[in-house]
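Read the structure below first, then the notes.
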Amino acid sequence: MKRCIVQMIIVCSVLLFFSNLAKATMPSPMKNTYIHDFANVISANVKEEINHYSEQLDQGTGAEIMVVTIDSLHGQEPKMYATKLIRSWGIGDKEKNNGVLILATFGQGEGNNDVVIAVGQGLEGALPDGKLGRILDNAFYPSASTGNLDQAFQATYSEVFRAVAQEYNWNGDMPAQTNEEEDMPTWLIILIIIIVLIFYTFFSKGGGGPRAGGYGGYPGSFGGGRSSRGGFGGFGGGSSAGGGASRKF
């Protein structure tokens with residue numbers, strides 16, 4: 001009996017060790033970006049373009065497309081690693097599970113690097129495994145095999161983006177801004193300034209009330225500009241059931 005208990009403790013300890021090791025090799029997401037080029041293989045212009053379109057798509061549909069490059073999978077199976085990353089980062093909406101991860105690894109050498117597209121359950125209908133495999137074969141591999149990684153990621157991302165946009169019948173229109181996000185109309189700004197000036201003049205002549213700085217705080221609250229959606233780069237908490245496709249390149 002004691003021997004069985006000792007064996008169980010050893011097995012649990014080994015499993016816990018490897019579980020913690022897997023977590024340790026999982027990169028942490030950066031803030032305010034949909035592209036995480038840890039392997040430093042994508043140009044700044046392409047990163048900016050992908051990030052821009054992902055933000056627009058997120059704001060318009062709630063779906064999140066993440067692009068991640070890393071140096072190694074640390075011995076883990078590509079699709080399983082990608083699924084773990086979606087769950088760990090919470091890519092997509094927590095209720096809709098509509099995240100997509102385009103993950104590529106470098107460092108294993110030509111022909112041994114891995115590229116994976118993993119999706120949350122909410123987008124498995126729009127992006128089934130077979131379609132994802134064709135995207136990798138037709139969009140990623142031809143350019144990646146010749147060293148044109150920018151084109152490989154652009155073409156792959158475009159196909160995924162198009163499929164997600166079609167799933168939500170989204171044509172690029174952005175949702176209406178809330179009152180908190182909208183800039184004040186010009187006529188309202190002028191009206192507020194006139195009212196403040198009238199009160200300031202009245203009280204300054206009467207010797208009562210505030211004098212200097214009577215409306216000094218207002219300029220900072222005008223024209224604040226449009227802020228990004230709260231979920232931008234923050235990840236909504238989505239998950240994945242393991243749907244996706246992978247290839248060597």
Side-chain angles (χ1 to χ4, degrees), residues 11-42 47 50-51 54 57-58 62-109 112-133 135-136 140 144 149 152-153 156-157 160-161 163-164 231-249:
V11 171
C12 290
S13 298
V14 172
L15 292 174
L16 182 62
F17 170 78
F18 282 106
S19 176
N20 290 332
L21 181 63
K23 290 180 180 178
T25 58
M26 197 76 64
S28 298
M30 297 178 286
K31 293 182 179 180
N32 300 326
T33 183
Y34 295 86
I35 183 164
H36 299 72
D37 184 22
F38 296 115
N40 196 29
V41 296
I42 306 175
K47 290 179 187 178
I50 289 176
N51 200 58
S54 281
L57 184 71
D58 190 357
E64 294 178 341
I65 302 177
M66 300 288 166
V67 177
V68 179
T69 70
I70 56 178
D71 292 320
S72 173
L73 293 171
H74 302 282
Q76 299 185 59
E77 194 274 329
K79 283 183 63 177
M80 181 59 67
Y81 186 95
T83 299
K84 289 179 181 178
L85 195 61
I86 285 186
R87 293 172 179 172
S88 174
W89 287 14
I91 300 174
D93 181 83
K94 185 176 182 179
E95 302 299 328
K96 298 178 180 178
N97 291 320
N98 54 356
V100 182
L101 171 63
I102 302 172
L103 171 70
T105 68
F106 298 84
Q108 292 77 247
N112 293 311
N113 294 318
D114 296 285
V115 59
V116 187
I117 305 178
V119 300
Q121 287 176 284
L123 288 174
E124 287 183 351
L127 290 166
D129 295 355
K131 183 173 184 176
L132 293 175
I135 290 175
L136 292 176
F140 188 88
L149 295 176
F153 281 103
T156 303
Y157 180 87
V160 173
F161 180 95
V164 175
F232 173 45
F235 312 130
S239 185
S240 171
S246 64
R247 295 289 189 272
K248 295 284 187 180
F249 70 96

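Values below: every heavy atom of this structure, side chains too, minus hydrogens, waters and symmetry copies.
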Can you tell me how far apart [atom1] ([X]) and [atom2] ([Y]) are? Round to the nearest 0.5 Å.
| X | Y | atom1 | atom2 | answer |
| --- | --- | --- | --- | --- |
| K47 | T33 | NZ | OG1 | 8.5 Å |
| D37 | F153 | CG | CZ | 7.0 Å |
| N51 | M66 | CG | CE | 9.0 Å |
| L101 | H36 | CG | NE2 | 10.0 Å |
| N97 | E124 | CG | CD | 9.5 Å |
| I117 | F140 | CD1 | CZ | 9.0 Å |

Checklist entry - Is Y81 close to V116 at the side-chain level, that is, under 4.5 Å between some pair of heavy atoms? => result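 Not touching, per the 4.5 Å side-chain cut-off.
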Checklist entry - How about P78 and L73: do any of their side-chain heavy atoms sit closer than 4.5 Å? => result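 Heavy-atom side-chain distance check passes, below 4.5 Å.
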Determine yes or no for a side-chain-to-main-chain donor-acceptor pair under 3.5 angstrom, with [X] supplying the side chain and [Y] the backbone.
| X | Y | result |
| --- | --- | --- |
| S88 | K84 | no |
| K79 | G244 | yes |
| Y157 | I65 | no |

Give the minimum heavy-atom separation between [X] and [Y], together with the two atoms involved.
| X | Y | answer |
| --- | --- | --- |
| P27 | F38 | CB-CE1, 3.7 Å |
| L103 | L85 | CD1-CD2, 4.4 Å |
| D58 | E64 | OD2-OE2, 3.3 Å |
| T69 | A39 | OG1-N, 3.1 Å |
| N113 | G107 | OD1-N, 3.3 Å |
| A118 | A82 | CB-CB, 3.8 Å |

Item to check | Candidate pair V119 and I86, rule side-chain contact (heavy atoms from CB on, under 4.5 Å), full reasoning | outcome: CA-CA 8 Å; V119 300; I86 285 186; 5.8 Å; no
Checklist entry - Can V115 and T156 be said to form a side-chain contact (heavy atoms from CB on, under 4.5 Å), step by step? => result CA-CA 11 Å; V115 59; T156 303; over 6 Å; no
Next on the checklist: L57 vs Y34, test: side-chain contact (heavy atoms from CB on, under 4.5 Å). Steps then yes/no.
Outcome noted: CA-CA 11 Å; L57 184 71; Y34 295 86; over 6 Å; no
Next on the checklist: Regarding K248 and D114, does a basic nitrogen lie under 4.0 Å from an acidic carboxylate oxygen?
Outcome noted: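 Counted as a salt bridge, because a side-chain N and a carboxylate O are separated by less than 4.0 Å.
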